[in-house]
Colleague: 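My questions will all concern the structure given below.
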Amino acid sequence: MIKRSLKIVFEYPSKLPVIKYGGTERILFWFMRELVKIGHKVTLIGHPQSDVEQHGIALVKNYSEDSDWRRLIPSNTDIVTLFYSSKLKIDHPLLVIFGTNGVAGETFHPNTVFVSKKNAALHGSKAYVYHGLPLEEYPFKRKPSKKWSNFFFLAKAKWSVKNLDNCLRACKEAGKNLDVAGGSRWHGPPSLFFNRFVRYHGMLPQHKKIPLMEKMDAFLWPVRWHEPFGIAVIEAYSQGLPVICSPYGSCPELVNEKTGIICRNYAEFLAAISRKENDFDSEYIRFYLEENFNARKMALEYLRLYEKILRGETINPTPPKTTSKTLWDLDLLPF
């Protein structure tokens with residue numbers, strides 16, 4: 001492991017930290033903050049209104065998004081980190097973290113890291129690091145109850161790949177309650193959208209989301225695309241919630257028989273929701289999160305990759321490339 005303090009530069013155009021939901025932005029901010037805690041010098045080239053300096057992160061304000069931000073990289077930088085794919089030539093060692101799905105034939109920098117084993121495989125790579133939460137921001141209260149009546153959905157409601165439709169339908173058929181956070185714009189049948197079992201909360205900041213999750217019995221995640229990671233899954237784990245999910249993307253890597261139920265189709269999904277009681281151990285689920293998906297572990301994994309790059313090696317022997325047809329199309333995976 002690297003012994004000296006590294007000078008690590010990140011570039012990201014949006015204001016950090018985000019107030020409400022923003023998966024990539026939150027992971028980026030937590031990662032930078034954790035690197036500072038470990039003892040590294042972190043600089044963000046970013047939005048002038050970013051509020052990161054109080055966390056020990058130096059801010060180089062980029063007042064013009066149209067300008068070439070590379071001119072703002074300090075000359076003594078050890079390594080640059082991007083949270084998006086870029087064809088720009090960087091005159092410093094570079095690590096790229098790619099946390100979504102590419103389009104058919106898209107190629108990536110050799111030092112690209114993905115966010116799950118499946119996410120990496122879909123792009124012809126074996127390099128991945130799981131996301132992690134800052135545990136201090138996710139306090140946990142044990143759930144001794146065996147209740148199985150209140151379910152939670154956290155994602156963009158209007159994005160069909162997140163499959164709110166089947167969550168609404170199953171909870172209505174089973175007579176179970178569903179709380180929806182992450183937006184309320186949805187274009188499905190009104191009979192599903194407006195029913196007495198559903199409550200909509202829109203986009204929630206952290207201080208409102210955690211108390212709501214504490215009241216839930218399980219989290220629904222029947223995605224119909226190859227979800228690269230699913231931060232919402234480990235957020236659910238932080239509150240001891242089991243996850244009922246589809247078999248796609250990273251789901252089989254994140255969910256096992258002690259932390260949730262993987263459903264291959266709607267019938268299995270409805271059966272899982274219709275169960276009479278909760279036989280999952282909330283303390284074990286929280287322990288599983290703490291052991292596998294914490295921000296410190298995430299930062300240490302990336303530091304090992306920094307070390308490899310700084311030795312002159314590349315993360316991937318050949319540049320990763322999207323291995324299937326576009327993963328962004330509107331053809332939903334079967335469920």
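Small disclaimer: the values here were computed from a predicted structure and weren't measured.
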Colleague: Spell out, as yes or no, whether a donor-acceptor pair under 3.5 Å connects the side chain of Lys141 to the backbone of Glu214.
Modeller: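 No.
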Colleague: Would you call Glu301 and Lys297 a salt bridge, taking side-chain N to carboxylate O under 4.0 Å as the test?
Modeller: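 No.
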Colleague: Looking at Ser50 and Val52, would you say the former's side chain and the latter's main chain have a donor-acceptor pair under 3.5 Å?
Modeller: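 Checking the backbone N and O of Val52 against the side chain of Ser50, no donor-acceptor pair under 3.5 Å is found.
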Colleague: Given Ile38 and Arg296, is the side-chain contact (heavy atoms from CB on, under 4.5 Å) satisfied, shown in steps?
Modeller: CA-CA 9 Å; Ile38 293 171; Arg296 175 56 62 95; 3.6 Å; yes
Colleague: If the threshold is 4.0 Å, N to carboxylate O, is there a salt bridge linking Asp179 and Arg199?
Modeller: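 Salt bridge flag = yes for Arg199 with Asp179.
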Colleague: Mind checking whether Tyr130 and Tyr128 have ring centres under 6.0 Å apart?
Modeller: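 Yes; Tyr128 has its ring centre under 6.0 Å from that of Tyr130.
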Colleague: Quick check against the 3.5 Å criterion: does Thr107 have a side-chain atom that pairs as donor or acceptor with the backbone of Lys321?
Modeller: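 No, Thr107 side chain to Lys321 backbone: no donor-acceptor pair under 3.5 Å.
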Colleague: Looking at Thr322 and Val103, would you say the former's side chain and the latter's main chain have a donor-acceptor pair under 3.5 Å?
Modeller: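 Between the backbone of Val103 and the side chain of Thr322 there is a qualifying donor-acceptor contact (under 3.5 Å).
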Colleague: Would you say the side-chain atoms of Tyr266 and Glu173 include a donor-acceptor pair closer than 3.5 Å?
Modeller: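 Side-chain D/A pair, Tyr266 to Glu173: present.
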Colleague: Indicate yes or no: does Arg33 engage Glu137 in a salt bridge with an N to O separation below 4.0 Å.
Modeller: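 Salt bridge: yes.
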Colleague: Side chain of His109, backbone of Asn111: donor and acceptor closer than 3.5 Å?
Modeller: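 Yes, His109 side chain to Asn111 backbone: donor-acceptor pair under 3.5 Å.
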Colleague: Mind checking salt bridge (charged side-chain N to carboxylate O under 4.0 Å, His left out) for Lys89 and listing every partner two or more places apart, or none if nothing turns up?
Modeller: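 Applying salt bridge (charged side-chain N to carboxylate O under 4.0 Å, His left out) to Lys89 gives Asp91.
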Colleague: Do Tyr12 and Thr24 touch side chain to side chain, with heavy atoms closer than 4.5 Å?
Modeller: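 Yes; the side chains approach each other to less than 4.5 Å.
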Colleague: Tell me who clusters with Tyr248, hydrophobic residues only, linked when side chains sit under 4.5 Å apart either directly or through other members.
Modeller: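 Via sub-4.5 Å side-chain contacts, Tyr248 links to Leu333.
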Colleague: Measure the shortest side-chain to side-chain distance between Phe152 and Gln239 over non-hydrogen atoms and say whether it is less than 4.5 angstrom.
Modeller: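 Phe152 does not reach Gln239 side chain to side chain.
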Colleague: Going by an N to O cut-off under 4.0 Å, is there a salt bridge joining Asp217 and Lys176?
Modeller: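 Salt bridge: no.
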Colleague: Evaluate the side-chain proximity of His131 to Arg26: yes if any heavy-atom separation is below 4.5 Å, no if none is.
Modeller: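 Contact flag for Arg26/His131 side chains = no.
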Colleague: With rounding to the nearest 0.5 Å, note down the distance linking CG in Asn177 to CZ in Phe151.
Modeller: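 Answer rounded to 0.5 Å: 9.0 Å.
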Colleague: Taking C-beta and beyond as the side chain, do Cys171 and Leu220 meet within less than 4.5 Å on heavy atoms?
Modeller: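 A side-chain contact exists here, since the closest heavy-atom pair is under 4.5 Å.
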Colleague: Can you name the nearest heavy-atom pair linking Leu88 to Ser86, along with the distance?
Modeller: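 Heavy atoms of Leu88 and Ser86 come nearest at N-OG, 3.1 Å.
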Colleague: Would you mind reporting whether Leu95 and Tyr302 have side-chain heavy atoms less than 4.5 Å apart?
Modeller: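 Touching, per the 4.5 Å side-chain cut-off.
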